[in-house]
2 protein chains.
Amino acid sequence: MSPRADAVRNRTKILDAAREQITLHGPDAGMDEIAAAAGVAVGTLYRHFPNKTDLVSAVLTEHLDRVADDIEAARERTAGGAKAMDEILGLVERVLEASATDHAVKAAARLLGAYPTDELVEDRTGTALAELIQAAQADGELHDDVTVQDFYLLINTAPTDQPPAVRSRWLTLVLPGLTTRGR
Amino acid sequence: MSPRADAVRNRTKILDAAREQITLHGPDAGMDEIAAAAGVAVGTLYRHFPNKTDLVSAVLTEHLDRVADDIEAARERTAGGAKAMDEILGLVERVLEASATDHAVKAAARLLGAYPTDELVEDRTGTALAELIQAAQADGELHDDVTVQDFYLLINTAPTDQPPAVRSRWLTLVLPGLTTRGR
DNA sequence: GCCTATCATGAACCTGCGTTCACGATCTTG
DNA sequence: CAAGATCGTGAACGCAGGTTCATGATAGGC
């Protein structure tokens with residue numbers, strides 16, 4: 001039997017509100033706040049998601065999906081003639097920038113490189129990133145031993161809660177370990 | 001009027017226990033656990049420290065003090081003829097290693113570069129580190145624009161909760177941003 | 001040895017937060 | 001439209017962790 005119409009409506013409202021609240025306050029956003037933002041009672045959250053972890057995972061997976069889209073787009077541009085290293089630098093800057101204001105992205109980044117991730121999404125990002133890396137290495141602009149995991153590691157250790165000047169400085173310090181382009 | 005003898009005794013026991021518990025479980029160690037480890041009731045903690053923040057700060061300041069000692073010792077060795085860059089690398093590795101097992105060090109590292117720190121200790125580390133940096137730059141082994149803040153920044157973003165292989169890889173990725181020594 | 005200021009005790013309190021559940025409302029099928 | 005399954009409600013629960021306070025013990029000067 002298909003679900004009731006209002007139930008579907010509520011599920012959407014809940015996901016929208018959860019996305020908004022987690023973006024603003026990170027995964028620490030309270031279930032009460034999410035429920036209030038969705039215009040729904042707490043119990044309704046628990047009808048759609050057994051517990052908080054499941055709700056947060058759903059939102060974070062969405063975000064990872066967007067990042068995967070971004071990476072795949074960069075790969076397409078490379079196939080179209082763009083320099084792979086330029087695309088990689090753009091990606092890193094974009095993710096770093098997003099993490100600063102979007103607490104969901106920050107939390108989502110922590111999922112990559114750790115275990116509990118949707119395998120499909122992880123595969124998508126991994127594959128596209130690997131191709132970009134190979135291309136940049138073929139251009140001689142990325143050190144030969146750099147891997148996908150290295151990027152996950154660096155993104156996870158990025159100082160996302162620091163002012164722009166500090167984030168920029170951090171990039172400057174870290175990039176020489178990846179690229180062969182001079183400082 | 002000087003404090004009672006048993007009060008002094010208890011203060012020591014509390015600090016010892018707090019140090020131990022925070023080393024094991026980080027600043028998340030409960031007041032109850034600390035009290036139990038000290039063989040004292042919770043209320044006694046609050047007689048000596050108005051709140052948890054004050055107690056944790058006291059312990060963390062101690063740790064920073066030890067780090068300051070380490071840095072100053074490195075500076076002395078440099079004055080005695082050791083290569084400044086070697087001492088710096090040793091320092092970084094030691095702090096990184098300690099952060100992995102000692103949750104107090106990890107938390108203490110977060111204090112440097114942030115605001116609420118004992119100025120005296122911060123001055124001590126800052127001065128000694130600055131001298132080491134200058135010496136290494138004079139040797140041409142450290143990039144000229146590297147500052148004390150850069151080191152604080154990198155230490156703060158180190159992946160202390162990752163396995164040794166990952167921590168080591170992180171160092172490899174980050175060092176080229178500091179030193180002129182090749183990979 | 002007494003007496004009082006100082007100190008220790010730990011049960012109780014408070015707040016925040018995830019989670020549950022008995023009840024009422026609403027949608028949908030026949 | 002009626003019947004029943006599905007869904008929504010929100011007060012209440014449980015738990016954890018920091019903090020307090022009335023009560024009793026102890027130290028140290030006279």
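Order of the sequence lines fixes the chain letters, A, B, ..., with proteins taken first and strands second; residue numbering starts at 1 for each chain. Predicted model, so just to flag it, every value in this text is computed and none were measured.
- Taking only side-chain atoms of A:P3, from C-beta outward, the nucleotide of D:dT26, D:dC7, D:dT19 with the closest atom is D:dC7.
- The listed nucleotides are C:dC7, D:dG10, C:dG10; the one nearest the side chain of A:A41 is D:dG10.
- Ion pairing of B:D161 with B:R167 is absent here, as no side-chain N (NZ or NE/NH1/NH2) approaches a carboxylate O to less than 4.0 Å.
- Of the two residues near DNA chain D, B:S2 and B:V42, the one whose nearest nucleotide lies more 5' is B:V42.
- Ion pairing between A:D145 and B:R169 holds under the 4.0 Å rule for side-chain N and carboxylate O.
- Judged by distance alone, with hydrogens and angles left aside, the side-chain atoms of B:D102 form no donor-acceptor pair with the main-chain N or O of B:A98 at under 3.5 Å.
- Between B:K83 and B:E141 there is a salt bridge, since at least one side-chain N of the basic residue sits less than 4.0 Å from a carboxylate O of the acidic one.
- The residues B:D86 and B:R77 are annotated as not salt-bridged, no charged nitrogen and carboxylate oxygen being separated by less than 4.0 angstrom.
- Comment: B:R19 engages B:D16 in a salt bridge, judged by a side-chain N to carboxylate O separation of less than 4.0 angstrom.
- Looking at every heavy atom in both residues, B:I88 comes nearest to B:L132 through CD1-O, 3.9 Å.
- Atom-to-atom, CZ of B:R11 to C1' of C:dA8 comes out at 16 Å; the value is rounded to the nearest Å.
- Partners of B:A135 by side chain to side chain contact (heavy atoms under 4.5 Å, CB included), not counting sequence neighbours, listed by chain and number: B:T78, B:A84.
- In this entry the distance linking NZ of B:K13 with P of C:dC7 reads 15 Å, nearest Å.
- Using a 4.0 Å cutoff on non-hydrogen atoms, the parts of residues 43-55 of chain B near DNA chain C are B:G43, B:T44, B:R47, B:H48, ordered by number.
- Rounded to whole angstrom, the span from the CZ atom of B:R9 across to the C1' atom of C:dT6 amounts to 14 Å.
- Scanning residues 20-39 of chain A for heavy-atom distances under 4.0 Å to DNA chain C yields A:G30, A:M31.
- Using a 4.0 Å cut-off, some side-chain N or O of A:N10 falls inside it from OP1 or OP2 of D:dG8.
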